[in-house]
Amino acid sequence: MLIQLNGEPRPLEGDSTLTNLVESLGLTGRRIAIEVNEEIVPRSQHGQMRLNDGDRVEIVHAIGGG
Amino acid sequence: MSQLIQDTPLIVAGRPFASRLLVGTGKYRDFDETVAAIEASGADVVTFAVRRTNLGQNPDEPNLLDAIPPSRYTLLPNTAGCYTAKDAVRTCKLARELLDGHNLVKLEVLGDEKTLYPNVVETLAAAETLVNDGFDVMVYTSDDPIVAKELEKRGCCAVMPLGSLIGSGNGLLNPATLALILEHAEVPVLVDAGIGTASDAALAMEMGCDGVLMNSAIAHARHPVMMANAMRKAIEAGREAFLAERMPRRQSASPSSPFAGRINA
């Protein structure tokens, strides 16, 4: 299946949860926040959150700004 | 020293802050410089932006929240770069998740890329949505006293009019409208944007502003850490001058030395 990850198309193999995606990106334990289809998915629910074809996923972090 | 008036802390949404200088984290050379400047500024509240994580890059790259830990500072996520109420609300929700439920945010919704002037229509809409969703909203806005009051009515916990355009360093271009906002506000008023140098910050505080938020004035000084230190002193000096209540202005001179006893009398 194909998801939109931070605005770019990204193919995923088979069944995947948000936790699997975060692991595959090497972001486990990082200070990030995630929304799927414009809804926040709390950290505690990443393991249950199954991704579906066409999902729009945003992964954000803090950067310098004023 | 007994005549010093004991100042009260700046209180925003029930949170007390010893420093009335709030600072940003953008435009610094690196995290070391960011940390040193923030330390020198004495700021308690530090604002940052929320952006897409760079994927496929070094996963060990340093993170701003490690350099500026939430355990030591009150972090103030901002919605810089948002041009619609919808994007600003999404950004605030992401920030709240990022900071484990911390709900104090700096709302800014911009009108265009050239002026970065606030779009007050979108700002008012976003403020209402965020307040209803439980956020404590410090809001960047124009120096329009009516808009400031409308934002306050929607439950914003601090109103933050621009002194001049973001990143311009032009100081307080319209002190008269700022004075009107201060006269009528019932929530803290902080100048956010436009500060260029220490006297700009001192002037805002002398006028009775509750605080000043700045980024470029420190980060783009040739010596940011020294400027951060200067800003700390300017904020304190301006605040004390406000509390001390300045002398009245007068048209005529008034000698400071007595006339009596002059040797040529």
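Letters go in sequence order (proteins before strands), and every chain restarts at 1. Not measured: the values here are computed from a predicted model.
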Top contributor to chain A contacts, counting heavy-atom pairs under 4.5 Å, from B/Glu97, B/Lys27, B/Met214: B/Glu97
Pairs of heavy atoms under 4.5 Å with chain B: top-ranked of A/Glu58, A/Glu38, A/Glu8: A/Glu38
Toward chain A, the part of B/Thr34 with a non-hydrogen atom under 4.5 Å: neither
Any donor-acceptor N/O pair, A/Arg43 side chain to A/Ala33 backbone, under 3.5 Å: no
More than 12 heavy atoms from other groups under 6.0 Å of CE on A/Met1: yes
Where B/Leu165 and B/Tyr117 come nearest, the two heavy atoms and their spacing: CD2-CD1, 3.6 Å
Interface moiety of A/Ile40 toward chain B, non-hydrogen atoms closer than 4.5 Å: side chain
B/Cys156 side, atom SG; B/Asp136 side, atom CG - distance, nearest 0.5 Å: 10.0 Å
Most contacts with chain A, counted as non-hydrogen pairs under 4.5 angstrom, among B/Leu98, B/Leu99, B/Leu64: B/Leu98
Toward chain A, the part of B/Lys86 with a non-hydrogen atom under 4.5 Å: side chain
Note, B/Arg96 side chain near B/Asp133 side chain (heavy atom, < 4.5 Å): yes
When B/Asn215, B/Val50, B/Leu94 are compared by non-hydrogen pairs under 4.5 Å with chain A, the top option: B/Leu94
Top contributor to chain A contacts, counting heavy-atom pairs under 4.5 Å, from B/Lys106, B/Lys93, B/Arg90: B/Arg90
Interatomic distance, B/Leu190 atom CG to B/Asp210 atom CG [nearest 0.5 angstrom]: 6.0 Å
SB check B/Arg72 B/Glu39 (cutoff 4.0 Å): yes
Heavy-atom pair count under 4.5 Å with chain B, highest-scoring of A/Leu5, A/Ile32, A/Asn6: A/Asn6
